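Every value quoted in this text rests on a predicted model; they were computed, and no experiment measured them. Residue numbers start at 1 and run along the sequence shown. Worth knowing before you read on, the calculation uses all heavy atoms, side chains too, and leaves out hydrogens, waters and symmetry mates.
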Amino acid sequence: MFAAMAGALSNIRVAILDLYEGVENQGMRCIREILNQYAEYNHVELEWDEYEVRINKQVPDLGYDIYISSGGPGSPLESEGSEWEPVYFNWLRMVEDHNKSADAVRRKFVFFICHSYQLACRHYKVGQVAKRKSTAFGVFPVHMLEGAHNEPVFSNLKDPFYAVDSRDYQVIQPDHSLIRKMGATILAIEKERPHVPFERAMMAIRFNEYMVGTQFHPEADAIGMSMYLQREDKKNTVIASHGYEKWESMIEHLNDPDKILWTYSQVLPNFIAHSIEQLVPAEV
């Protein structure tokens, strides 16, 4: 399923930052599965540790090569003033400082997912993080912008591609001047909705050479999520919140091999492969 890795490097260390605050979720399971599958397919050793950020205020040190920061519940705005958020942003600044250092032998690579992506957008001030008029929940098309066609993380994706989206917040009103100044690129935006007078959200951004994030959930496993949503309790919850047609539509999209299964097999694996490829020269 996954593209083969170029080059060879053993003992890659990965840190997963868990922002789910103890809430039941599929995200962490899916991230673990991708790491397991990638390591097995590419015959590479991936070692990883998990850090519970919001309850235990745990963050990793610089002893890792790759960092994946998860989605999570709640508002990405109301955590201002919390005890855990400064810990999280101090970790991010530590990684930034390391990557800017001329003495750094190996750079650190970071992927932000959903809630983490919104926090990163706040940190970099690339746009306005705002509450949506209604919850986005389902499988939606994501439209690439010009800068995405040379983006390694989006290799092999169609335009548009499909992704699982679950959020009450969004990032809008991009600060294009600041984005250009910092060398960032908006990679994708949500589907066009000409019948409503709302801005389209930024769905993916490359913040710098080493850090990229998505509003959607690239880790969403089509088969596992389909089984999860067909559990009687979860089915009833989705129908109560979003209606039977939304539940039925999600099951249909999850079972389409050209939609979520393809996104799952490309985005995070591409990120891992691209990160490892950039680590290889430092070992020669």
query = Given the rule that I, L, V, M, F, W and Y join up when any side-chain heavy atoms are under 4.5 Å apart, are Phe207 and Leu178 in one cluster?
reply = yes
ask   = Side-chain heavy atoms under 4.5 angstrom apart, residues restricted to Ile, Leu, Val, Met, Phe, Trp, Tyr: same cluster for Tyr210 and Ile276?
value = yes
How about [X] and [Y]: are their ring centres within less than 6.0 Å of each other?
X	Y	result
Phe161	Phe154	yes
Tyr117	Phe216	no
Tyr67	Trp91	yes

Are [X] and [Y] within salt-bridge range, i.e. N to O under 4.0 Å?
X	Y	value
Asp65	Arg106	yes
Arg13	Glu45	no
Arg167	Asp165	yes
Glu24	Arg231	yes

Mark yes or no for whether [X], through its side chain, and [Y], through its backbone, hold a donor-acceptor pair below 3.5 Å.
X	Y	answer
Asp18	Tyr20	yes
Asn270	Val153	yes
Lys108	Asn99	no
Arg54	Leu19	yes
Asn36	Ile34	no
Arg132	Asp168	no
Thr263	Tyr162	yes
Ser275	Phe271	yes
Ser79	Ser82	no
Arg206	Asn208	yes

task = Pick out which of Val14, Ile12, Ile272, Leu268 makes a side chain to side chain contact (heavy atoms under 4.5 Å, CB included) with Tyr38.
result = Ile272
message = Show, in sequence, the C-alpha distance, side-chain angles and deciding distance for Arg107 and Leu279, and conclude whether the side-chain contact (heavy atoms from CB on, under 4.5 Å) test is met.
response = CA-CA 8 Å; Arg107 300 300 194 265; Leu279 291 168; 5.9 Å; no
task = Find the distance between NE2 (His98) and CG (Asp61) and round it off to the nearest 0.5 Å.
result = 11.0 Å
query = Quick one: are Ile179 and Pro174 in side-chain contact, heavy atoms under 4.5 Å?
reply = yes
query = Quick one: are Val267 and Phe111 in side-chain contact, heavy atoms under 4.5 Å?
reply = yes
task = Assess whether side-chain hydrogen bond (donor to acceptor under 3.5 Å, both in side chains) is satisfied between His123 and Glu96, documenting all intermediate values.
result = CA-CA 12 Å; His123 173 73; Glu96 288 174 331; 3.1 Å; yes
task = May I have the step-by-step check of side-chain hydrogen bond (donor to acceptor under 3.5 Å, both in side chains) for Tyr169 and Gln215, ending in yes or no?
result = CA-CA 10 Å; Tyr169 291 82; Gln215 175 65 81; over 6 Å; no
task = On the 0 to 90° scale, with breaks at 30° and 60°, tag the Tyr88-Trp84 ring pair as parallel, tilted or perpendicular.
result = perpendicular
inquiry  = For Glu33 and Tyr264: C-alpha separation, side-chain torsions, deciding distance, then whether side-chain hydrogen bond (donor to acceptor under 3.5 Å, both in side chains) applies.
reply    = CA-CA 11 Å; Glu33 280 296 303; Tyr264 170 86; 5.2 Å; no
